Q: 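Mind having a look at this structure? Questions to follow.
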Protein chains: 2
Amino acid sequence: MYNLQSVVQRLEEEGLRITPSRLAVVAAVLDLSGHFSVDDILSQVPEVGRATVFRTMKLLSEMDVLCRVLLDDGSLRYRVSQRQDHHHHLVCVSCASVQELDACIDPEVLNELARTTGYEIEGHWLEFFGRCTACRSDSA
Amino acid sequence: MYNLQSVVQRLEEEGLRITPSRLAVVAAVLDLSGHFSVDDILSQVPEVGRATVFRTMKLLSEMDVLCRVLLDDGSLRYRVSQRQDHHHHLVCVSCASVQELDACIDPEVLNELARTTGYEIEGHWLEFFGRCTACRSDSA
DNA sequence: TAGATTATTGATACCAAGTATCAATTACAC
DNA sequence: GTGTAATTGATACTTGGTATCAATAATCTA
């Protein structure tokens, strides 16, 4: 679980400078629990330039502070990572809630896939969509 | 396996008009075996307007003549479907080759996911990336 | 086969997400 | 406090896609 201090420390460890713009962006993303777009952050920190918000969010993604979340329409969002290892998401299609999942592709399936196709498997995208408990009871 | 005639028939069945622009776009996509972007098609049929190419490819996607292919960077491409039912892809990261797959998420995994998260699962994205046999031997 | 009608087109303008450029600024090490 | 290299933000650009709308043309029907 990240807070402003721990992210600042991560930035310092990477030899990056702590600037007001970066602090503002980090604080803004840490304030959100679901997924969000760059524009969501931009509207939270209008004093920071657009390019800088993009740059900072890219930085945070590379540092695994943020991860990218794929929506069902194929568009990408961001989210504060709870875990830094490989994982997938279950995204609510009604609200912006996201669950991080333990489940991944069975290694046996990957072997089978490599065997039958002749491909050397390098990676995969796996994201699930559904309606969270709260949204289900809202419309019930 | 589609050809120009069968797609034209599908269009007629949908009550859509057969226009030179549509024929040109359909012929262009049928000519490609791997995945492609709208701009790839645009450059094949410069006489057709940009909006019309987008519209036609959207149409063809809705008719399951084309399907969308997700790349590892999160960008979307298109591809002529070999099968009209739900399926996933294995995409070569070196060339544009795509394999359509039988494998899907184990229903038991979906049940388990619904049970542990309380979500009603509605869908998922699953795409695999790797290097195809040809590309592997090229760089070996 | 000629209209009439309605879908379709394509030019254009727009939007969203993201990158490249570059002069001006500023964090930080000394 | 100063030098310097990293960073910023304005701007322009790119890519992928949608909205608008007058002009056109595919098809239906008489």
Side-chain angles (χ1 to χ4, degrees), chain A residues 4-5 7-29 32 35-63 66-79 96, chain B residues 4 7-29 32 35-63 66-79 96 125:
Chain A
L4 192 57
Q5 271 199 343
V7 176
V8 166
Q9 194 181 332
R10 292 285 315 278
L11 287 167
E12 286 172 340
E13 283 165 13
E14 301 275 340
L16 297 164
R17 294 186 177 174
I18 310 305
T19 68
S21 294
R22 281 183 178 158
L23 286 175
V25 172
V26 172
V29 301
L32 296 169
H35 60 72
F36 48 82
S37 65
V38 174
D39 274 336
D40 292 331
I41 301 304
L42 254 174
S43 60
Q44 295 296 308
V45 289
E47 75 275 16
V48 180
R50 212 172 90 90
T52 298
V53 174
F54 271 100
R55 280 187 289 238
T56 306
M57 287 184 55
K58 189 176 184 186
L59 248 180
L60 295 174
S61 299
E62 286 161 2
M63 291 166 59
L66 296 182
C67 53
R68 301 191 309 166
V69 176
L70 181 67
L71 301 194
D72 52 355
D73 65 358
S75 63
L76 285 173
R77 289 290 129 78
Y78 298 85
R79 164 166 214 269
Chain B
L4 192 55
V7 176
V8 166
Q9 195 181 332
R10 291 284 315 277
L11 288 167
E12 285 172 341
E13 283 165 11
E14 302 274 341
L16 297 165
R17 294 184 177 173
I18 310 306
T19 67
S21 295
R22 282 184 177 156
L23 287 174
V25 171
V26 171
V29 301
L32 296 169
H35 61 73
F36 48 83
S37 64
V38 173
D39 274 336
D40 292 332
I41 301 304
L42 254 172
S43 60
Q44 296 295 307
V45 289
E47 74 276 14
V48 180
R50 209 172 91 91
T52 298
V53 173
F54 272 100
R55 280 188 289 238
T56 305
M57 288 184 56
K58 191 177 181 185
L59 249 180
L60 295 174
S61 300
E62 285 161 3
M63 291 166 58
L66 296 182
C67 52
R68 301 191 308 166
V69 177
L70 181 68
L71 301 194
D72 52 356
D73 66 358
S75 63
L76 286 174
R77 291 288 129 79
Y78 298 86
R79 163 165 215 270
W125 264 113

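The sequence lines fix the lettering, A, B, ..., with proteins before strands; numbering per chain opens at 1. As a basis for the values below, the full set of heavy atoms in this structure was taken, side chains included, without hydrogen atoms, waters or symmetry mates. Quick caveat: nothing in here was measured; it's all calculated off a predicted structure.
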Q: Looking at residues 43-55 of chain B, who's got a heavy atom less than 4.0 Å off DNA chain D?
A: B/R50, B/A51, B/F54, B/R55
Q: Kindly check if the number of other-residue, nucleotide or ligand heavy atoms within 6.0 Å of CD (A/Q5) is above 12?
A: no
Q: Nearest whole angstrom, please: distance from the P of D/dG17 to the CG of B/L66.
A: 12 Å
Q: Nearest whole Å is fine: how far is D/dT8 P from A/I18 CD1?
A: 10 Å
Q: Enter the inter-axis angle for the ends of the helix from C/dT1-D/dA30 to C/dC30-D/dG1 (five pairs per end, rounded to 10°).
A: 30°
Q: Using only side-chain N and O atoms of A/R17, determine if any of them is under 4.0 Å from OP1 or OP2 of C/dT26.
A: no
Q: Between P on D/dG16 and CZ on B/R68, what's the gap in Å once rounded to a whole number?
A: 14 Å
Q: Taking only side-chain nitrogens and oxygens of A/T19, does any of them come within less than 4.0 Å of OP1 or OP2 of D/dT8?
A: yes
Q: Among A/V8, A/L59, A/T56, exactly one meets side chain to side chain contact (heavy atoms under 4.5 Å, CB included) together with A/L16. Which residue is that?
A: A/L59
Q: Could you list the donor-acceptor pairs under 3.5 angstrom formed by side chains in residues 17-26 of chain B, with sequence neighbours left out?
A:
unit_1 : atom_1 : unit_2 : atom_2 : d
B/T19  : OG1    : B/R22  : N      : 3.1
B/R22  : NH1    : B/R17  : O      : 2.9

Q: Of B/D39 and B/P20, whose nearest nucleotide on DNA chain D comes first from the 5' end?
A: B/D39
Q: Specify the separation, in whole Å, of atom CG of A/L11 and atom P of D/dA6.
A: 16 Å
Q: In whole Å, what is the span from the CZ atom of B/R77 to the P atom of D/dG17?
A: 9 Å
Q: Please report the distance, rounded to the nearest Å, between NZ in A/K58 and P in D/dA6.
A: 17 Å
Q: Just N and O in the side chain of B/S21: are any of them under 4.0 Å from OP1 or OP2 of C/dG10?
A: yes
Q: Quick one: are A/L76 and A/L70 in side-chain contact, heavy atoms under 4.5 Å?
A: yes
Q: What distance do B/T52 atom OG1 and B/L42 atom CG have between them, rounded to the nearest 0.5 Å?
A: 9.5 Å
Q: Tell me the interatomic distance from A/D40, atom CG, to C/dG18, atom P, rounded to whole angstroms.
A: 12 Å
Q: Rounded to whole angstrom units, what separation is found between the CG atom of B/L60 and the P atom of D/dG17?
A: 14 Å
Q: OP1, OP2 of C/dG18 versus side-chain N and O of A/Y78: anything below 4.0 Å?
A: yes
Q: Can a side-chain donor-acceptor contact be found between A/D73 and A/S75 if the only test is distance below 3.5 angstrom?
A: yes
